Amino acid sequence: EEGRKIRNAFIAEEGCQLLSADYSQIELRLLAHVAGIDTLIDAFKSGEDIHALTASQVFGVPVEGMDTMVRRQAKAINFGIIYGISAFGLARQLDISNGAASDYINAYFERYPGIRTYMDQTKEEARNQGYVTTLFGRKCHVRGIDDKAPQMRAFAERAAINAPIQGGAADIIKRAMIAMPGALSQAGLNAKMLLQVHDELIFEVPDEEIEVTSGVVKKTMENAAHLDVPLIVDVGIGHNWNDAH
């Protein structure tokens, strides 16, 4: 709530609006790509609700008429897996028992064994090399992967698993930022790229150029990389950053 209030302080110049362009579920899309999970790849290609699909796969319930709480649990698992969430962490997040959380995680890996394979291979790569690489070959060094302390070692393993995903997302948005000035200039547009925050770019755009600029920004970001799944960008517009987000 406080974060949203702070965003109200970022205001466009007179005669302009702020345009927020945000990659949709980019880390899950990268996970599907790098781990080669056909079920998730097909779902992203067809525009399915990925969290509802996971809920259906893990909990054995139909997507049609799904309870929103069940979908929320699947969403927590989807995003938690990327960060190497433990049964304890998931239990605390969903307010369920450790046993139930452990069952959820095990069921997830049974349905998506390729993700477990990816995680194991990535940890092994980090142990052997001292680093892992993103989709574009950037090295992410991992400290403590052989630490004698189990807690430190587990932390390093989670970092190793996440680095190619989160690092790959960082690479993609930077590629979009490099391409953006040329794309805007070629289209004869006057938008200013102001901020990059995680998977989001924020622009200040003259009122009369909003519609065209939205299309150029969206196309440029979605074509910054070519994966087995489509990159999707959501665009919002407002006089301040909160309204645009």
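As the structure is a computational prediction, the values presented were derived from the model and not from experiment.
- Considering every non-hydrogen atom in both Ala91 and Ala101, the closest pair reads N-CB, 3.7 Å.
- With values rounded to the nearest 0.5 angstrom, Asp243 atom CG is found 11.5 Å from Ser20 atom OG.
- Judged purely by atom type and a 3.5 angstrom limit, Arg116 has no side-chain atom pairing as donor or acceptor with the backbone of Phe109.
- Counting heavy atoms from C-beta on, the side chains of Leu31 and Ile37 never come closer than 4.5 Å.
- Note on ring orientation: taking the six-membered ring where Trp is involved, the planes of Tyr104 and Phe59 are perpendicular (angle over 60°, cut-offs 30° and 60°).
- A distance of 5.5 Å separates CD1 of Ile115 from CG of Leu40, quoted to the nearest 0.5 Å.
- The minimum heavy-atom distance between Ser56 and Met66, with the atom names listed, is N-CE, 3.9 Å.
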Check the pair Phe203 / Leu184 against side chain to side chain contact (heavy atoms under 4.5 Å, CB included), numbers first and verdict last. CA-CA 11 Å; Phe203 301 81; Leu184 293 170; 4.3 Å; yes
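- Within 6.0 Å of NE2 on His198 lie no more than 12 heavy atoms contributed by other residues, nucleotides or ligands.
- Within the 4.5 Å cutoff, the side chain of Glu125 has heavy atoms near those of the Thr133 side chain.
- Ser214 places a side-chain N or O within 3.5 Å of a backbone atom of Ile210 that can act as its donor or acceptor partner.
- For the pair Leu28 and Ile50, the minimum side-chain heavy-atom distance is below 4.5 Å.
- Leu18 and Tyr23 fall into different hydrophobic clusters, where Ile, Leu, Val, Met, Phe, Trp and Tyr are joined by side-chain heavy atoms under 4.5 Å apart, directly or via other members.
- Residues Gly168 and Phe136 come closest through the heavy atom pair O-CE1, 4.3 Å.
- No continuous path of hydrophobic side-chain contacts links Ile173 to Ile232 [ILVMFWY only; heavy atoms under 4.5 Å].
- Atom OG1 in Thr213 sits 13.0 Å away from atom NZ in Lys192 (nearest 0.5 Å).
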Full working for side chain to side chain contact (heavy atoms under 4.5 Å, CB included) between Leu19 and Val217: CA-CA 9 Å; Leu19 185 152; Val217 167; 4.3 Å; yes
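- Connection of Ile77 to Val61 is established within a shared hydrophobic cluster, with ILVMFWY side chains joined at heavy-atom distances below 4.5 Å, either directly or through further cluster members.
- Proximity of a side-chain donor or acceptor of Glu13 to a complementary backbone N or O of Glu204 within less than 3.5 Å is not detected.
- Cluster annotation: Phe44 and Val58 are assigned to the same hydrophobic cluster (Ile/Leu/Val/Met/Phe/Trp/Tyr, side-chain heavy-atom contacts under 4.5 Å, transitive).
- Of the possible polar contacts, one joining the Arg29 side chain to the Pro230 backbone as a donor-acceptor pair under 3.5 Å is found.
- With rounding to the nearest 0.5 Å, the separation of CG in Asp38 from CG in Asp228 is 9.0 Å.
- In this structure, Glu48 and Leu53 approach most closely via the heavy-atom pair OE1-CD1, 4.0 Å.
- Gln166 places no side-chain N or O within 3.5 Å of a backbone atom of Glu27 that could act as its donor or acceptor partner.
- With a 4.5 Å cut-off on side-chain heavy atoms, Asn240 and Arg7 do not count as touching.
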Between Leu195 and Phe10, is a side chain to side chain contact (heavy atoms under 4.5 Å, CB included) present by the stated rule, with each step listed? CA-CA 11 Å; Leu195 288 170; Phe10 292 78; 4.3 Å; yes
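- In plain terms, the two heavy atoms of Cys16 and Asp207 that are nearest each other are C-OD1, 3.4 Å.
- To the nearest 0.5 Å, atoms CE (Met177) and CD (Gln196) are separated by 5.0 Å.
- When all heavy atoms of Ala156 and Val142 are compared, the pair lying nearest together is O-CG1, 3.4 Å.
- Looking only at distances, a side-chain donor or acceptor of Asn223 sits under 3.5 Å from a matching main-chain atom of Lys219.
- Contact of the Thr122 side chain with the Pro164 side chain is registered, since non-hydrogen atoms from C-beta on lie closer than 4.5 Å.
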Start with the C-alpha gap between Glu124 and Arg127, add the side-chain angles, then the distance that decides, and say whether salt bridge (Lys or Arg N to Asp or Glu O under 4.0 Å) holds. CA-CA 5 Å; Glu124 189 64 25; Arg127 273 189 286 269; 3.5 Å; yes
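- Using a 4.5 Å heavy-atom threshold, the side chains of Lys139 and Gln129 count as separate.
- Hydrophobic clustering of Ile, Leu, Val, Met, Phe, Trp and Tyr side chains at less than 4.5 Å, counting indirect connections, unites Phe79 with Tyr108.
- A centroid separation of 6.0 Å or more is found between the aromatic rings of Tyr118 and His33.
- Contact of the Ile6 side chain with the Trp241 side chain is not registered, since no non-hydrogen atoms from C-beta on lie closer than 4.5 Å.
- To the nearest 0.5 Å, atoms CD (Glu110) and CD (Gln57) are separated by 12.0 Å.
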Go through Asp49 and Val63 one step at a time and tell me if the side chain to side chain contact (heavy atoms under 4.5 Å, CB included) criterion holds. CA-CA 9 Å; Asp49 181 334; Val63 173; 5.8 Å; no
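- For the pair Lys5 and Glu2, the salt-bridge criterion is not met [side-chain N within less than 4.0 Å of a carboxylate O].
- Using a 4.5 Å heavy-atom cutoff, the side chains of Met221 and Met180 are in contact.
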